[in-house]
Amino acid sequence: MQIGGVDALELAARYQTPLQVYDVGRIRQAIRAFKRVFEEEGVSYEVSYASKAFSCLAIYQVINEEGGHTDVVSGGELWTALKAGFPMSKVSFHGNNKSRSELELAVEHGVGVIIVDNFHEIDLLSQILEEKDAEAKVMLRVTPGISAHTNEYIQTGQVDSKFGFDMASGQADRALELVLANPRLQMAGVHAHIGSQIFDVRGFVGCAEKLCQLAEDWRDKYGYETEILNVGGGFGIHYTDQDHPLPAEEFVRAIVKAVKRQCQEKGLELPEIWIEPGRSIVGQAGWSLYTVGSRKDLPGYPSYVALDGGMGDNIRPALYQAEYSAVVADRPQAEAEEVVNLVGKYCESGDVLIKSCPLPKTEPGDVVALLSTGAYGYSMASNYNRNPRPAVVFAENGQAKLVIKRESYDDLLVLDLKY
Ligand SMILES: *Cc1c(COP(=O)(O)O)cnc(C)c1O
């Protein structure tokens with residue numbers, strides 16, 4: 001089993017486990033595949049990597065090398081992008097409760113777009129711009145009344161989302177009035193994000209149509225022409241064989257076609273189309289390597305096979321029953337011989353990485369790889385039970401490079417002060 005042309009067992013031996021490994025070539029391919037569709041369709045666009053999926057210096061470097069933009073959702077992500085040398089003009093700053101200091105940081109460093117979420121933020125940002133005698137480019141995040149999750153989407157869903165300005169009640173119009181009335185705010189466009197791990201293009205098409213409708217209303221009511229239409233992310237990926245995602249590019253093609261059709265019908269200038277993929281950039285590019293330890297067998301029940309990581313490095317199964325698949329690294333193609341509960345080492349019964357996982361027989365010391373763990377794994381990692389967080393390695397063209405060091409026991413004490 002190889003990742004980025006490097007043997008998985010060699011990686012486990014060299015860097016120890018638990019280990020997060022990325023095939024950087026796959027990250028690049030994912031970005032390029034999105035870009036290709038936009039280029040084939042001949043539209044202006046940006047692919048903005050939603051970096052909450054995985055944020056560290058090295059990933060911002062790779063995204064920048066590929067000419068991408070990036071989304072950040074906190075001062076910490078913003079700071080990481082800044083320190084990675086990521087151009088601040090290509091950063092979009094999201095969040096439903098950005099603090100004064102986060103907004104100040106964004107304004108000071110000239111972040112490309114602040115995606116304004118609510119009325120409090122309009123006030124706060126306006127104050128900051130006044131104090132700093134500065135200007136900012138903004139987009140308004142709206143809730144189009146569509147929510148989508150995997151195979152379902154709901155036309156009237158998500159009206160009560162905690163994010164964004166509601167369209168139906170006139171909040172979005174009021175927000176636009178406030179932005180247009182403030183010369184320090186440059187209105188760049190409109191944004192919506194309808195959900196995550198979506199397999200059905202209809203949600204995106206519906207969203208694109210709603211945003212075009214809004215663009216038409218805004219032109220007719222305010223004479224404002226929407227320059228950027230940002231349809232968010234959430235393109236579904238393959239975690240297990242139950243998942244049948246479309247190629248991510250197909251989503252983009254459907255979105256672009258819907259926007260083109262709508263603009264033609266409504267006589268609108270074709271806006272730039274922005275997307276914000278997170279998991280579809282890094283999810284399937286990531287593997288988690290663990291070493292098998294203890295085992296518990298009980299007649300009549302599935303056995304427990306325990307790994308040296310768990311909910312501290314990947315909380316998704318415990319948090320929302322996310323599913324993964326696994327292979328044994330020295331025989332990834334081997335037939336399954338048993339069905340086990342693959343559990344972690346944390347002091348919670350809910351610390352199950354994969355329930356009822358078909359696997360060949362394993363021994364202590366075997367390296368097990370979980371697939372498609374590149375998104376929302378490390379980025380949600382914790383030090384629960386005072387376990388150090390794993391190392392992260394980037395592999396590409398047969399070369400491996402450590403990009404996040406494994407935490408040491410001393411690292412765990414860096415912030416502690418004696419009483
Ligand atoms: C989380 C998020 C994304 C990315 O979602 P994925 O499922 O990782 O593609 C994009 N845009 C916004 C606003 C988000 O909050």
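In each ligand, atom 1 is the first atom listed, and ligand 1 is the first ligand listed.
Minimum heavy-atom separation, Leu129 to Leu185: CD1-CD2, 3.5 Å. Among all heavy-atom pairs drawn from Ala106 and Ile114, the shortest one is CB-CD1, 4.2 Å.
Short contacts between ligand 1 and His94, defined as distances under 4.0 Å to a heavy atom of the residue, involve ligand atoms 13 (C). Every atom of ligand 1 is numbered from 1 in the order shown, and the set under 4.0 Å from a heavy atom of Gly234 is 5 (O), 6 (P), 7 (O), 9 (O).
Of the candidates Glu276, Arg279, Gln197, it is Glu276 that places a heavy atom closest to atom 10 (C) of ligand 1. Here the shortest heavy-atom distance to atom 8 (O) of ligand 1, taken over Tyr376, Phe54, Phe163, belongs to Tyr376.
Screening Lys257, Arg261, Lys210, Gln262 for a side chain to side chain contact (heavy atoms under 4.5 Å, CB included) with Val205, the sole residue that qualifies is Arg261. A side chain to side chain contact (heavy atoms under 4.5 Å, CB included) with Ile128 is found for exactly one of Glu104, Arg184, Glu108, namely Glu104. Exactly one residue among Phe34, Phe235, Phe199 makes a ring pair (Phe, Tyr, Trp, His ring centres under 6.0 Å) with Phe251. That residue is Phe235. For the salt bridge (Lys or Arg N to Asp or Glu O under 4.0 Å) with Lys266, the qualifying choice from Glu225, Glu216, Glu209 is Glu216, the only one to do so.
Any N or O atom pair closer than 3.5 Å counts here, and Ala50 shares no such pair with ligand 1. Between Arg141 and ligand 1, a contact under 3.5 Å exists for no N or O pair. Looking at Gly278 next to ligand 1, an N or O pair under 3.5 Å apart turns up.
In terms of protein heavy atoms, atom 7 (O) of ligand 1 is closest to Ser196 OG, 2.7 Å. What sits closest to atom 14 (C) of ligand 1 on the protein, heavy atoms only, is Lys52 NZ, 2.8 Å.
Separating the CZ atom in Arg14 from the CG atom in Leu11 is a distance of 6.0 Å, to the nearest 0.5 Å.
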